[in-house]
Amino acid sequence: MKTDGIASNFDYSEETLTLQQVSELSGDILLEFGAPWCGHCQAASAAINEVVNEHANLSHIKIYDGKGKRLGRGFKVKLWPTLILLHDGQEVGRLVRPLRADEVRDLMSKLH
């Protein structure tokens with residue numbers, strides 16, 4: 001499945017993937033659950049984008065989460081932003097409400 005175009009690094013996508021589609025993704029993927037109006041998401045944005053830009057082979061998918069959004073519930077997301085790191089569709093780590101780039105880098109270290 002092609003992940004380009006699902007969401008840019010600036011916008012949370014209303015188009016949502018299913019758990020099945022996520023499990024079929026290949027490579028390294030960072031799912032970011034949040035909302036464009038969320039203050040915590042806005043505060044974390046610079047740190048997240050800094051680290052994402054350091055990883056050329058990482059796909060970053062921003063998913064608009066909220067009431068009635070099944071993908072977030074499937075991953076048991078409770079607070080925003082929640083970052084879920086996947087390798088070939090399997091969760092290898094997660095981080096909730098990061099504030100600093102080094103916190104996101106620590107999450108990325110789980111890929112190696």
Side-chain angles (χ1 to χ4, degrees):
M1 169 178 216
K2 188 174 178 186
T3 56
D4 297 341
I6 291 176
S8 74
N9 282 343
F10 305 107
D11 298 318
Y12 288 94
S13 176
E14 287 278 359
E15 178 186 341
T16 188
L17 300 165
T18 66
L19 280 171
Q20 179 66 35
Q21 289 170 317
V22 169
S23 72
E24 295 170 357
L25 294 173
S26 62
D28 298 329
I29 312 283
L30 181 66
L31 300 180
E32 178 183 342
F33 290 89
W37 47 264
C38 167
H40 293 286
C41 300
Q42 293 166 5
S45 180
I48 294 168
N49 288 333
E50 178 182 329
V51 176
V52 165
N53 289 331
E54 295 170 358
H55 296 270
N57 295 327
L58 180 73
S59 293
H60 180 205
I61 303 173
K62 295 178 77 166
I63 300 167
Y64 196 137
D65 192 36
K67 187 174 183 176
K69 304 287 187 179
R70 291 185 175 165
L71 189 59
R73 302 299 70 79
F75 277 102
K76 296 179 175 43
V77 171
K78 297 189 190 287
L79 298 171
W80 299 330
T82 292
L83 304 178
I84 299 179
L85 186 61
L86 306 172
H87 177 74
D88 291 338
Q90 299 300 311
E91 182 174 339
V92 295
R94 76 171 53 203
L95 179 62
V96 179
R97 290 193 175 165
L99 292 176
R100 299 181 321 274
D102 63 327
E103 293 174 293
V104 182
R105 282 188 192 97
D106 286 345
L107 175 65
M108 293 299 142
S109 72
K110 295 179 190 290
L111 288 173
H112 306 291

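Hydrogens, waters and symmetry mates play no part in the numbers below; they use all other heavy atoms, side chains included. Everything numeric in this text was worked out from a predicted model, so none of it was measured.
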**Request:** Kindly indicate, with the supporting measurements, whether the criterion side chain to side chain contact (heavy atoms under 4.5 Å, CB included) is fulfilled by Val77 and Ile63.
**Result:** CA-CA 11 Å; Val77 171; Ile63 300 167; over 6 Å; no
**Asked** Who else is in the cluster with Val96 when I, L, V, M, F, W and Y are joined by side-chain contacts under 4.5 Å?
**Response** Leu79
**Fill in**
From the list Leu17, Leu25, Leu19, side-chain contact (heavy atoms from CB on, under 4.5 Å) partner of Gln21 resolves to Leu17
**Item:** Distance in Å, Ile48 CD1 paired with Asn53 CG, rounded so as to fall on 0.5 Å steps
**Value:** 12.0 Å
**Item:** Partners passing salt bridge (charged side-chain N to carboxylate O under 4.0 Å, His left out) against Lys110 (at least two apart in sequence or in another chain)
**Value:** none
**Request:** Could I get the full list of salt bridge (charged side-chain N to carboxylate O under 4.0 Å, His left out) partners for Asp88, not counting sequence neighbours?
**Result:** none
**Request:** Would you give the length of the straight line joining atom OG1 of Thr82 to atom CD of Glu32, rounded to the nearest 0.5 angstrom?
**Result:** 9.5 Å
**Request:** Sequence neighbours left out, what pairs pass salt bridge (Lys or Arg N to Asp or Glu O under 4.0 Å) with at least one residue falling in residues 36-55?
**Result:** Glu50-Arg105, Glu54-Arg105
**Prompt:** What is the distance from atom CG of Leu31 to atom CG of Leu83, rounded to the nearest 0.5 Å?
**Reply:** 9.0 Å
**Request:** Report yes if some heavy atom in the side chain of Leu58 is under 4.5 Å from a heavy atom in the side chain of Met108; otherwise report no.
**Result:** yes
**Asked** To the nearest 0.5 Å, how far apart are CZ in Arg94 and CG in Leu85?
**Response** 11.0 Å
**All pairs passing salt bridge (Lys or Arg N to Asp or Glu O under 4.0 Å) where residues 72-81 contributes a residue, at least two apart** = Asp65-Arg73
**Request:** Taking the side chain as every heavy atom from C-beta outward, state whether Glu91 and Phe75 have any atom pair closer than 4.5 Å.
**Result:** yes
**Fill in**
Heavy-atom closest pair (Pro36 atom, Tyr64 atom, distance to 0.1 Å) is CD-CE1, 3.5 Å
**Message:** Let me confirm one number: the CD1-CG distance from Ile84 to Leu71, rounded to the nearest 0.5 Å.
**Reply:** 8.0 Å
**Request:** Output yes when a side-chain donor or acceptor of Ser109 lies under 3.5 Å from a complementary backbone atom of Asp106, and no otherwise.
**Result:** yes
**Prompt:** Can you hop from Val92 to Leu95 via hydrophobic side chains spaced under 4.5 Å?
**Reply:** yes
**Message:** To the closest 0.5 Å, what do you measure between CG (Asp28) and CG (Asn57)?
**Reply:** 7.5 Å
**Request:** Could you tell me which non-hydrogen atom of Leu107 sits nearest to which non-hydrogen atom of Gly93, and how far apart they are?
**Result:** CD1-C, 3.5 Å
**Non-hydrogen side-chain atoms of His40 and Pro81 separated by less than 4.5 Å** = yes
**Asked** Considering residues at least two apart in sequence or located in another chain, which fulfil the salt bridge (charged side-chain N to carboxylate O under 4.0 Å, His left out) criterion with Arg97?
**Response** none
**Message:** Go through it in stages, so that I can follow the logic: the residues are Cys41 and Tyr12, the test is side chain to side chain contact (heavy atoms under 4.5 Å, CB included), and I'd like the CA-CA distance, side-chain angles, deciding distance and then a yes or no.
**Reply:** CA-CA 10 Å; Cys41 300; Tyr12 288 94; 3.4 Å; yes
